[in-house]
Amino acid sequence: MKTEITAGLTTFMTMAYILVVNPSILARTGMDYNALLTVTCLSAALGTLFMAFFANYPFALAPGMGLNAYFAYTVVLQYGYSWRTALAAVFVEGLIFIFLSAVNVREAIFNAIPMNMKKAVSVGIGLYIAFIGLQNANIVVNNAATCVALGNVKSVPVALALIGTVITLVLVIRKVMGALLFGILITWVLGIVCQLTGLYHIDAASGAYSLIPSGIMAMPPSIMPIAGQLSFSGISIFDFIVILFAFLFVDLFDTLGVLIGVSEKAGFLDKTGKLPRIKGALFADAAATTIGACLGTSTVTTFVESASGAADGGRTGMTAFTTAMLFLVALLFSPVLTAVPAFATTPALLIVGLFMTENVTAINFKDYTEGFPAFVTILMMVVTYSISEGLVFGVISYVLLKLLSGRGKELHPVIVIVGILFLLKLLLA
């Protein structure tokens, strides 16, 4: 029980950034920032509770990164539709997912993905998580010539993230319970010491903010400015379907990718690669999206940071329940929780990435019809910054190589259908 609770706390700490990031992204559409903070907490808590009770897995849910950016920057700011219309598309998406889960379509897709690729997804997500951690601390930064480059290792956030990683690794090696959580807290405390001694300078223009909480408690803002504001007006049926399909596609395969990756690492998959109680997990995801839209947020989905709790010993719904309760607590203690810097979570994300890439030794690379799809799945997840795009290229290459090498009998009919849909998606995008 103690391990599950600690794991739940670890998961919460690694994804607490969503409390600030989601409101800041969606507020660009004109939605009320303070209401979004409350809705982010509520939707994450409800979705994670659904996962705990429907499936008894240690997975946490919250408004998904990438999906919130598509909601704000593409649907609203680029296409010019209102945020109310975007919420309506998310709501319909959730209803469709509930139906697809009920008729086992999502489960069939999960089961049809070959075991070799499932292991590759785990590895790809591990590298993806690690890359997120490197970016959070500015260890890796944007570069006009090479796209990415090494950041300033002399800066305080980068130095503290690296020091925190070493400290956390030592705790892991010494088998300290809750090592990842302690790594986050120690790195945060070191940052506070640097701020108090003048080594860390607060500069809003550069994204540096105070690491010392501005307060302890605050009443949660009202959700009334955005709750129940769905609208189907002002958009043609065709345009609505296009937007809906984009939400459906990204959420479907991001969720499946996360479930595959985290489940593989945590040992939840059976010998045939199937996930017991997957229907409950998929229902939790779909219900959370539907209710989240009613509350006033973009698609709620299973978070890849759930891997941090699983790596810290979380194996049951008690881990998810703990995470959900902490999201509710966050409604009152947001001044403290929003003070945790992104660089403090980097050690946990890097080490979780290490844990998940261990599966690379179990992938059969010698058979190129299996090895190349696994390789390209891993590669594309990182370089496209998308779990779903990794699956797209992996599945397409898997189907093509099996067919062209005369081994089409090894293909599951569902994976062929998915491969065709993926290919059409690339060609028509």
Side-chain angles (χ1 to χ4, degrees), residues 6 9-25 33 37 40 65 129-143 148-174 176-218 305 307-309 311-312 326 329-330 332-355:
T6 301
L9 184 55
T10 298
T11 297
F12 174 78
M13 293 296 285
T14 58
M15 60 186 290
Y17 67 87
I18 199 65
L19 298 179
V20 177
V21 175
N22 191 58
S24 66
I25 290 176
Y33 179 92
L37 177 61
T40 300
M65 291 296 295
I129 290 175
F131 190 51
I132 291 174
L134 293 174
Q135 287 186 310
N136 286 349
N138 287 325
I139 297 173
V140 170
V141 296
N142 292 335
N143 181 280
V148 294
L150 180 66
N152 180 11
V153 295
K154 296 180 182 178
S155 68
V156 172
V158 173
L160 288 179
L162 295 174
I163 293 170
T165 300
V166 173
I167 292 173
T168 308
L169 270 171
V170 171
L171 294 176
V172 170
I173 293 168
R174 290 181 173 271
V176 175
M177 184 178 296
L180 300 184
L181 174 61
F182 284 123
I184 294 171
L185 296 177
I186 291 170
T187 307
W188 182 20
V189 171
L190 289 175
I192 292 174
V193 171
C194 288
Q195 180 179 328
L196 293 175
T197 57
L199 294 174
Y200 177 86
H201 301 286
I202 302 171
D203 180 10
S206 65
Y209 60 93
S210 177
L211 307 182
I212 303 173
S214 59
I216 303 299
M217 299 181 68
E305 283 82 358
S308 62
D312 224 9
L326 289 171
V329 169
L332 298 175
F333 292 91
S334 57
V336 174
L337 295 170
T338 54
V340 179
F343 66 77
T345 64
T346 291
L349 295 177
L350 289 177
I351 294 169
V352 168
L354 168 65
F355 292 160

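The structure places CD1 of Ile167 at 11.0 Å from CG of Leu162, a figure rounded to the nearest 0.5 Å. Distance check: Asp312 CG to Thr11 OG1 gives 8.0 Å after rounding to the nearest 0.5 Å. Rounding to the nearest 0.5 Å gives a distance of 6.0 Å between CD of Glu305 and CD1 of Ile132. Taking CD1 from Ile163 and CZ from Phe343, the interatomic distance works out to 10.5 Å, rounded to the nearest 0.5 Å. Distance CG/Leu181 to OG1/Thr10: 4.5 Å, rounded to 0.5 Å. Rounded to the nearest 0.5 angstrom, Leu160 CG and Trp188 CH2 are separated by 14.0 Å.
Between Val352 and Thr14 the shortest side-chain heavy-atom distance does not fall below 4.5 Å. In this structure, the side chains of Leu19 and Leu37 come closer than 4.5 Å at one or more pairs of heavy atoms. Ile351 has its side chain within reach of Leu169: a pair of non-hydrogen atoms, C-beta onward, lies under 4.5 Å apart. Residues Met15 and Thr345 form no side-chain contact, since every pair of their non-hydrogen atoms from C-beta on lies 4.5 Å or further apart. Using a 4.5 Å cut-off on side-chain heavy atoms (C-beta onward), Pro23 and Thr40 make contact. Put simply, the side chain of Ser155 does not reach to within 4.5 Å of the side chain of Asn138, judged on heavy atoms. Using a 4.5 Å cut-off on side-chain heavy atoms (C-beta onward), Leu171 and Ile186 make contact. Counting only heavy atoms from C-beta outward, the side chains of Leu196 and Ile212 approach each other to under 4.5 Å.
More than 12 heavy atoms of other shown residues, nucleotides or ligands fall within 6.0 angstrom of atom CZ in Phe355.
Here the side chain of Gln195 pairs a donor or acceptor atom with the backbone of Leu211 at under 3.5 angstrom.
In terms of heavy atoms, Gly183 sits closest to Thr168 at CA-OG1, 3.2 Å. Shortest non-hydrogen contact noted between Ala330 and Phe12 is CB-CZ, 4.1 Å. Taking all atoms of both residues into account, the shortest heavy-atom contact from Gly164 to Pro347 is C-CG, 3.5 Å. Ala130 approaches Leu350 most closely through the heavy-atom pair O-CD2, 3.5 Å. Shortest non-hydrogen contact noted between Ile216 and Phe333 is O-CD2, 3.3 Å. Between Ala311 and Leu180 the shortest heavy-atom distance is CB-CD1, 4.2 Å.
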